[in-house]
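A short worksheet on the structure shown next.
Whatever order the structure lists ligands and atoms in, that order sets their numbers, starting from 1. Computed over heavy atoms, backbone and side chain alike; hydrogens, waters and symmetry mates excluded.
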Amino acid sequence: MRNPLPPVPGKLLEIEVSDDLRRGTPLATLIVAPSEEDGDAVLEEIGGVRPTGKAGDVQTVPTGDVRWLAGVGDGEPRHYRKAGAALVRAVSSALGDDVKAGLKAFRTFAVELPADAGAEHVEELAFGLLLGGYRFTVTADEPKPSVRTVRLLTRHERAVPAYDKALERVRELAAAAAFARDLANAPSNIKTPAWLADTVVATARAKGGLPNLTVSVRDEKWLAAEGFGGVLAVGGGSAAPPRLIELEYRPRGATTHLLLVGKGITFDTGGLSIKPADGMHLMRTDMAGGAAIIAAVRAIAALRLPVRVTALVPAAENHVSGSSYRPGDIVRHYGGKTTEVGNTDAEGRMVLADALVYGIKKHKPDVVIDAATLTGAMKVSLGVRTGGVFATEDALAERVTKAGERVGEAWWRMPLLEDLAETVQGSLGDVRQAPGGPGGIVAALFLREFVGDVPWVHLDIAGPARADKTYEDVVPGATGFAARTLVELVASYA
Ligand code: BES
Ligand code: ZN
Ligand code: ZN
């Protein structure tokens, strides 16, 4: 059967800086809103349109050189992301209208930067431009014409090198978020564990590969021989067998070694503890943690960060069948520890436990980071725009939240409450999988049983991994959340 998916990873806009104010390219101008101190001041009309300057407002100008006015609010860098995203969406729809009206489709548009825009403003604008127009569709129609290039125009020739440097980094970060979105958005009838593994192998090899990056894939036979009981239990109910994906990035001269582990559940029905039908379709993004890690490692290699990184994604489908694992089962993980299964829907921690023990034993990393759409409880606690951070060390938690701030992803630290630690202790087995209590915390305490004394941080992204609304550079569907933070976090060890 033909694979009906668009190429993964998909292509992003090209973005370039120029001080050559060529005519003929559709042009957008960024508008700073009048501040309160200006009283009731209004901005001067442009082509008969009075600009608002409100962050995220895009106004169309019917005549003259400038075609769009994009508000950047008070001009703070974070408003530039909103403006870039809203602008690229407006430009794409204008392009569609042009085509419908029989006009020649433009492929490039230009954005005039304000004279005082710094590298930070350009970074934020670029995130918005690159990701705000992201789409993932699988249709019979030929893809519609789309914008290919955006040119950022500055009158300050001397600013160009600084902007270019900022863009180099943003391009990779945005590509990582988009790649993570592509993987998580892919439908689960295509996205089996084997498809995920093959896609990672193919992307790592594309265009001659990336320096110092290797991928290996282990199948269900290898997993059985090595004793990955958690992955096999969860994956056992599906006709599509599990895989373990391992990426290794080994730049010469690196001293620090980080282990990243991502939940790779390609679909989560809940298993025998089956989920309600409403919203079950959303569980195609239950490998968003794994996707963020895969995409981050690719960007880390592309940016040639001087930090050694090993990534593990245990990939399995949590399905219902005569070979599903059951509540009440006792499962032996890699390394020997046993888990008493309470609820087959708590499958993420089952696969992560194996991978954590394996990765720590094999690689002896300095720090371990895991990312997972682990608990619905986390979504209740922090909503859908903030990720939960559980860390064994204060400095590590802070490193994550700071890295997130630098790339525009919000994190909030959650406690590993000691008074709940005994609830994950087993009576028949070593550990209890789903003892009840505050879900996000208990899940984190379960995972902690498998990391020993290596500094460890667990990222629960069940909330922000997907969106049902458009906001900033996010569109409905998978958000790619955590990919950018992970790249930035790894960069902080360089
Ligand atoms: N994949 C879900 C968590 C989830 C929920 C992610 C909503 C995104 C949105 C996870 O596997 C799960 O089902 N967790 C259970 C655990 C419970 C049975 C202990 C949950 O959170 O309800
Ligand atoms: Zn799940
Ligand atoms: Zn589940």
Side-chain angles (χ1 to χ4, degrees), residues 180 184-185 188 191 193 196 230-231 233-238 242 261-292 313-320 324-329 331 339-355 370-388 390 414 420 423-424 426 431-447 458-468 476-482:
N185 279 328
S188 301
K191 183 174 54 190
L196 187 61
V231 178
V234 172
S238 172
V261 180
K263 172 173 170 179
I265 299 298
T266 59
F267 193 76
D268 182 11
T269 65
L272 293 176
S273 316
I274 197 163
K275 286 182 180 296
D278 283 358
M280 194 197 276
H281 63 285
L282 304 175
M283 287 299 130
R284 74 203 243 180
T285 58
D286 207 22
M287 34 57 74
V313 178
E317 184 179 35
N318 188 25
H319 218 319
V320 188
S324 294
Y325 80 131
R326 311 155 194 80
D329 282 0
V331 169
T339 288
E340 271 172 60
V341 177
N343 186 316
T344 61
D345 197 10
E347 82 297 337
R349 64 197 78 178
M350 298 296 292
V351 303
L352 290 173
D354 284 351
D370 78 72
T373 48
L374 206 61
T375 65
M378 208 60 233
K379 202 170 163 175
V380 176
S381 312
L382 298 178
V384 293
R385 297 197 193 181
T386 302
F390 296 85
M414 298 290 295
L420 292 169
T423 68
V424 296
V431 225
R432 195 188 304 255
Q433 178 223 25
I441 298 172
V442 166
L445 290 168
F446 173 92
L447 292 178
H458 158 59
L459 309 176
D460 191 336
I461 59 168
R466 50 169 303 117
D468 48 23
T479 59
F481 192 88

Enumerated ligand 1 atoms positioned under 4.0 Å from heavy atoms of [X]:
| X | answer |
| --- | --- |
| Asp286 | 1 (N) |
| Glu347 | 11 (O) |
| Asn343 | 18 (C) |
| Thr373 | 1 (N), 2 (C), 3 (C), 6 (C) |
| Arg349 | 16 (C), 19 (C) |
| Asp268 | 1 (N), 2 (C), 10 (C), 11 (O), 13 (O) |

Test log, rule salt bridge (charged side-chain N to carboxylate O under 4.0 Å, His left out), inputs Glu317 and Lys191:
CA-CA 9 Å; Glu317 184 179 35; Lys191 183 174 54 190; over 6 Å; no
If we only consider heavy atoms of Ile265, is any one of them less than 4.0 Å away from an atom in ligand 1?
no
Quick check on Met350 - does any of its heavy atoms sit under 4.0 Å from an atom of ligand 1?
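No heavy atom of Met350 comes that close to ligand 1.
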One residue to check: [X]. Relative to ligand 1, which of side chain, backbone, both or neither has a non-hydrogen atom less than 4.0 Å away?
| X | answer |
| --- | --- |
| Leu374 | backbone |
| Met287 | neither |
| Asp345 | both |

Sub-3.5 Å N/O-N/O distance, Ala462 and ligand 1:
no
May I ask you to check if ligand 1 and Lys263 share an N or O to N or O distance below 3.5 Å?
yes
Under 3.5 Å side-chain donor-acceptor pair for Asn318 and Thr344
no
Report yes if some heavy atom in the side chain of Phe390 is under 4.5 Å from a heavy atom in the side chain of Leu445; otherwise report no.
no
Are side-chain heavy atoms of Pro242 and Val234 found at a separation under 4.5 Å?
no
Output yes when a side-chain donor or acceptor of [X] lies under 3.5 Å from a complementary backbone atom of [Y], and no otherwise.
| X | Y | value |
| --- | --- | --- |
| Thr339 | Val331 | no |
| Glu347 | Ile265 | no |
| Ser238 | His319 | no |
| Asp354 | Gly230 | yes |
| Thr375 | Met378 | yes |
| Arg326 | Leu272 | no |

Shortest non-hydrogen separation from Ala288 to Thr373 and the atoms involved
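That closest heavy-atom pairing would be CB-CG2, 3.9 Å.
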Students should be able to answer this: which protein heavy-atom is nearest to atom 20 (C) of ligand 1, and at what distance?
Gly376 N, 3.8 Å
Mind checking whether the Zn ion (ligand 3) has an N, O or S of Asp286 under 2.8 Å?
no
Would one find an N, O or S atom of Gly348, in either backbone or side chain, under 2.8 Å from the Zn ion (ligand 2)?
no
Of all N, O or S atoms in Glu347, which has the smallest distance to the Zn ion (ligand 2)?
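Result for Glu347 and the Zn ion (ligand 2): OE2.
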Asp268, N/O/S atom nearest the Zn ion (ligand 2):
OD2
Best match, Lys275, Gln433, Met283: closest heavy atom to atom 7 (C) of ligand 1:
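Looking at heavy atoms only, the winner is Met283.
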In a check of side-chain contact (heavy atoms from CB on, under 4.5 Å) between Leu374 and each of Leu352, Ile461, Leu459, which one passes?
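Option passing the side-chain contact (heavy atoms from CB on, under 4.5 Å) with Leu374: Leu352.
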